[in-house]
Amino acid sequence: MAADTASPIGCASCGGTGACGGKGIQTLREGVWTNNPISIQVLGICSALAVTNRLANALVMGGALIFVTVGSNLFVSLLRNVTPRRVRMIAEVAVIATFVIVFDQFLKAFYWDMSKQLGPYVGLIITNCIVMGRAEAFALQNPPLVSIVDGFANGLGYAIVLALIGVVRELLGAGTLLGYSFGALSWYTPNQVMVLAPGAFFTLGFLIALYNVLRGPQPEDAKP
Amino acid sequence: MKGFRDSTAYPVVYSACLGLVCALLLTVVGGFTRPYREANAKAEEMRRVLEVLEVPFPADASAAKLVEVFKANVRVEKDEARGTTRYAYVPSGARTPEAVALAFSGQGLWGPIDGLIALEADDDTVRGIAFTHQEETPGLGGEIASEWFRNQFRGKKIRDASGKIGIRIARGRTAKGAPTEVDGITGATLTCGKLEFMLNRALRRVFDSSRSN
């Protein structure tokens, strides 16, 4: 593939993590677990905190991000050899914005109530660091198929964390799950803090701590 | 080709083409979803009218259901000459309206304010007030849309003892229980003043000119 030489940055930028070269499973693992966009990279926190007071909102937001990262990664990757280096960011944002607006319009047309609840946060996916980050760091240097996998993996990693926060916040903040209340929880007095922003911070903090415990000690932790 | 790739014009041509393709795609998607979006926005407007008139409707009503309830219970009377819109709530079976909602609008502190004020059948007692659009300072002027502020209007009179229209949004200490007065919002003097002005203007437009006719 002579065209690959036109790619501005070589595969070496991956730092030998093995994400390049069509290693789908590896890429998937990185996005969802070892390099999760929220719990490791701590990106996209704004929306992760804002829309997770209900599990349903968190799920739709996660779905929206999967759609956008997959779509934008695919097209940024397809265009990677013809995109002039100087305007690559403009090109990325144009592609990302197109997908986000398509999703937003779809919600407004067919899921009006959900669209009202998510408010501006769907449109704000355009500025979500995860999407731009994946386009810039991965799709720009990799072929389309593995870029789709990477987009999906990172979207899924984001969606899973959002769903977890959503479960905790809705359960503790409203005593329901996906809007259903449980008879067994009738004694529970909903804790308003969990619905508000501080509740999201607490939940995310505990979640990242739990994640680090599960992942075990890392090589970089040993350094002084 | 290689020469063109290196030229200064290439990024410009590339960006223009990409922008054009994206714009075309969004135009198609926008055109496709437009009727659905407009129907949703319309239903949302109807929901506000139904709420302020206290027309009963299921909380999880779909857009189609809202339109149905609206059409069955509400008569819209537009007066082009005076520029007013009245929504009369005539329950099925009844002959005279149970309540009437009037649209009001005006300039707020940061942007336009649009809303509805519902009056009982006596055209004097306030049933409720709602806002369809406002962009006042959150926490200060934005509080006009909050429940505690709006609930104050319920049961108030739009006319004072002498029969003149004049709802007052009071500053500082209010005469408790005054029939035309509601408590203003501390820190939102300008918003409250503008709201008071636009409410009375809308009410006068409907009632004063009809009396002089």
Side-chain angles (χ1 to χ4, degrees), chain A residues 2-3 5-8 50 56 67-68 71-72 74-120 122-123 126 135 140 176 178-180 196-197, chain B residues 1-48 51 57-67 130-135 138-139 142 145:
Chain A
T5 53
S7 176
F67 172 75
V68 174
S72 66
L74 169 63
F75 278 89
V76 169
S77 176
L78 284 173
L79 292 169
R80 73 190 190 284
N81 293 329
V82 291
T83 305
R85 187 162 160 66
R86 276 190 198 167
V87 296
R88 71 183 195 287
M89 286 214 175
I90 299 171
E92 284 161 18
V93 171
V95 172
I96 292 166
T98 306
F99 279 98
V100 172
I101 295 171
V102 166
F103 194 88
D104 195 32
Q105 299 260 313
F106 171 78
L107 274 189
K108 280 204 173 95
F110 302 107
Y111 296 93
W112 174 257
D113 287 330
M114 183 49 77
S115 160
K116 260 197 313 184
Q117 289 201 23
L118 292 177
V122 175
I126 294 175
L140 218 50
T176 60
L178 282 175
Y180 297 106
L196 303 172
Chain B
M1 188 62 197
K2 193 74 197 162
F4 178 60
R5 279 275 192 99
D6 294 334
S7 71
T8 341
Y10 179 64
V12 179
V13 173
Y14 174 86
S15 307
C17 289
L18 186 69
L20 203 67
V21 171
C22 290
L24 264 175
L25 197 82
L26 289 180
T27 312
V28 172
V29 173
F32 171 71
T33 57
R34 191 170 165 176
Y36 300 96
R37 282 184 289 125
E38 280 176 353
N40 284 333
K42 191 88 194 146
E44 184 69 22
E45 222 179 284
M46 290 180 173
R47 179 197 290 272
R48 287 292 165 87
E51 272 170 4
F57 67 92
D60 57 347
S62 64
K65 177 76 186 160
L66 282 171
V67 174
F131 293 93
T132 46
H133 177 92
Q134 62 91 7
E135 43 198 272

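Atom set for the values below is all heavy atoms of this structure, side chains included, hydrogens, waters and symmetry mates excluded. Residue numbers start from 1 in every chain, and the chains themselves are labelled A, B, ... in the order their sequence lines are given, proteins ahead of strands.
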Reported [atom1]-to-[atom2] distance for the pair [X] and [Y], which is rounded to 0.5 angstrom:
X: T8(B); Y: R86(A); atom1: OG1; atom2: CZ; answer: 7.5 Å
X: R5(B); Y: N81(A); atom1: CZ; atom2: CG; answer: 7.5 Å
X: T83(A); Y: L18(B); atom1: OG1; atom2: CG; answer: 7.5 Å
X: F106(A); Y: R37(B); atom1: CZ; atom2: CZ; answer: 13.5 Å
X: I101(A); Y: L26(B); atom1: CD1; atom2: CG; answer: 5.0 Å
X: E44(B); Y: D113(A); atom1: CD; atom2: CG; answer: 7.5 Å

- Message: Between T33(B) and chain A, with a heavy-atom cut-off of 4.5 Å, which part of the residue counts as in contact: side chain, backbone, both or neither?
- Response: both
- Task: Apply the test side chain to side chain contact (heavy atoms under 4.5 Å, CB included) to residues F99(A) and L25(B): give CA-CA distance (whole Å), side-chain angles for both, the deciding distance (0.1 Å), then the verdict.
- Result: CA-CA 10 Å; F99(A) 279 98; L25(B) 197 82; over 6 Å; no
Counting only heavy atoms not in [X], do more than 12 fall under 6.0 Å of its [atom1]?
X: K42(B); atom1: NZ; value: no
X: Y111(A); atom1: OH; value: no
X: Y36(B); atom1: OH; value: no

- Task: For residues V29(B) and F103(A), determine if any side-chain heavy atom of one lies less than 4.5 Å from a side-chain heavy atom of the other.
- Result: no
- Query: What's the shortest heavy-atom distance between V87(A) and Y14(B), and which atoms?
  - Reply: CG2-CD2, 4.0 Å
- Heavy-atom closest pair (P84(A) atom, P11(B) atom, distance to 0.1 Å) is CG-CA, 3.7 Å
